[in-house]
Amino acid sequence: MKYFLLSIFMLSGVLSNAQEITGNELLERAIAFHDPEDHWSTFEGKMLIEMENPKSSPRSTVVEMKLPSNYFKTTVTKDNYVIESELDNNDCTLKLNGSTSIFPKIKDSLNISCDRAKMMKNYYTYLYGLPMKLKDPGTIIEDKVIKKSFKGKSYLVLKATYEKEVGNDTWYFYFDPKTYAMEVYQFFHDESKNDGEYIFLSEMITVNGIKIPKVRKWYYNKGDVFLATDNLRKANSID
């Protein structure tokens, strides 16, 4: 009986330790895995991302970002169009097939604008800067960490919400319980409606000392409907 009780006590201690990790502690361990030398704040890199969508033609996007100098540029190739959107501090430059002279109707039909360029800057720096971006001001990290099985694998799950001026969505980030690698993230606009999407991450590559997922597969939460795949074909630092 004594040894049985001792075993129960030791087991409860293991479970207790697993449950005691806080949201911020989990985030720190995940960042230590993905960005062990704190390179994200000085990141300067160039990435080629190809999107495959069963309902659309392929899209290729070259993303260039220099975070210290607040520089960001995308070059999107789709069908017969090449759209360049460049943000250099407060200066915005837009080009279609190499020309800055773009008819307003074409701008509207292809969604070419400085507002769109800023939105894509936020999109790419957020998704490709995770989990480090969860340290940004306005991010609210839930203290309680959830242990959850998702699509057949167990994860430590971190919940993040945002102050009103930053965003309204609810996000969940799924980390491998042994390595703390980020393998899934999921967001809801209204969780009660099971809307939003989840994204599977795989095939880590290292760029500027940062481990970045190479493949992202997007699905709707409702019905597990497949949306698209983003493939990071090339990535390198900018000298």
Side-chain angles (χ1 to χ4, degrees), residues 13-49 63 65-68 121-162 166-167 169-188 196-219 229-238:
V14 171
L15 293 175
S16 175
N17 288 337
Q19 292 167 353
E20 281 174 4
I21 185 172
T22 67
N24 281 308
E25 287 170 344
L26 175 56
L27 177 57
E28 292 296 339
R29 294 182 191 185
I31 291 174
F33 173 84
H34 285 275
D35 186 15
E37 297 179 11
D38 192 25
H39 285 320
W40 172 248
S41 61
T42 58
F43 184 82
E44 295 187 334
K46 187 174 182 178
M47 299 180 286
L48 169 61
I49 303 163
V63 177
M65 61 176 81
K66 301 177 184 178
L67 298 186
K121 176 185 177 182
N122 292 335
Y123 172 85
Y124 281 109
T125 54
Y126 181 77
L127 291 185
Y128 285 82
L130 288 170
M132 293 72 73
K133 290 289 286 179
L134 295 177
K135 300 283 283 186
D136 282 3
T139 308
I140 302 168
I141 301 298
E142 183 81 22
D143 192 54
K144 183 178 180 181
V145 172
I146 305 165
K147 294 183 73 175
K148 181 179 178 180
S149 179
F150 188 74
K151 308 302 179 185
K153 180 171 178 177
S154 295
Y155 293 100
L156 295 177
V157 183
L158 181 69
K159 180 181 179 180
T161 54
Y162 296 87
V166 177
D169 293 341
T170 299
W171 286 74
Y172 292 91
F173 299 89
Y174 295 68
F175 299 100
D176 183 282
K178 293 182 180 179
T179 66
Y180 303 106
M182 183 178 64
E183 296 187 355
V184 184
Y185 44 73
Q186 181 179 35
F187 67 89
F188 299 89
E197 299 160 17
Y198 64 88
I199 301 92
F200 272 112
L201 314 171
S202 61
E203 300 182 42
M204 297 284 181
I205 62 171
T206 301
V207 186
N208 285 11
I210 302 172
K211 296 183 183 71
I212 300 176
K214 193 176 179 183
V215 180
R216 298 164 195 256
K217 292 189 175 183
W218 297 71
Y219 298 81
T229 301
D230 285 332
N231 292 292
L232 180 56
R233 298 298 189 191
K234 294 180 183 177
N236 57 269
S237 59
I238 299 175

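Heavy atoms only: backbone and side chains are in, while hydrogens, waters and symmetry mates are out.
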Sequence neighbours excluded, which residues qualify as salt bridge (charged side-chain N to carboxylate O under 4.0 Å, His left out) partners of Lys151?
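Lys151 satisfies salt bridge (charged side-chain N to carboxylate O under 4.0 Å, His left out) with Asp224 once adjacent residues are dropped.
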Which residue pairs pass the salt bridge (charged side-chain N to carboxylate O under 4.0 Å, His left out) test when at least one of the two sits in [range], sequence neighbours left out?
| range | answer |
| --- | --- |
| residues 201-210 | none |
| residues 178-188 | Lys153-Glu183 |
| residues 128-145 | Glu28-Lys135, Lys133-Asp136 |

Of the non-hydrogen atoms in [X] and [Y], which two are nearest, and what is the gap between them?
| X | Y | value |
| --- | --- | --- |
| Pro213 | Leu232 | O-CD2, 3.9 Å |
| Glu20 | Glu25 | O-OE1, 3.8 Å |
| Leu67 | Trp40 | CD1-O, 3.1 Å |
| Thr139 | Ala160 | CG2-CB, 4.4 Å |

Tell me whether the NZ or CZ atom of Lys148 lies within the 45° cone about the ring axis of Tyr174 and under 6.0 Å from its centre.
no
Let me see the working for Tyr155 and Phe173 under side-chain contact (heavy atoms from CB on, under 4.5 Å), right down to the final yes or no.
CA-CA 9 Å; Tyr155 293 100; Phe173 299 89; over 6 Å; no
Once side-chain hydrogen bond (donor to acceptor under 3.5 Å, both in side chains) is applied, do any residues pair with [X], and if so which ones, sequence neighbours excluded?
| X | value |
| --- | --- |
| Arg29 | Tyr180 |
| Lys217 | none |
| Asp169 | His189 |
| Tyr185 | Arg216 |

Go through the structure and list residues passing side chain to side chain contact (heavy atoms under 4.5 Å, CB included) with [X], not counting sequence neighbours.
| X | answer |
| --- | --- |
| Asn208 | Phe43, Ser237 |
| Leu48 | Glu50, Ser60, Val62, Arg233, Lys234 |
| Pro137 | none |

Ring pair (Phe, Tyr, Trp, His ring centres under 6.0 Å) filter on Phe175, not counting sequence neighbours, yields none
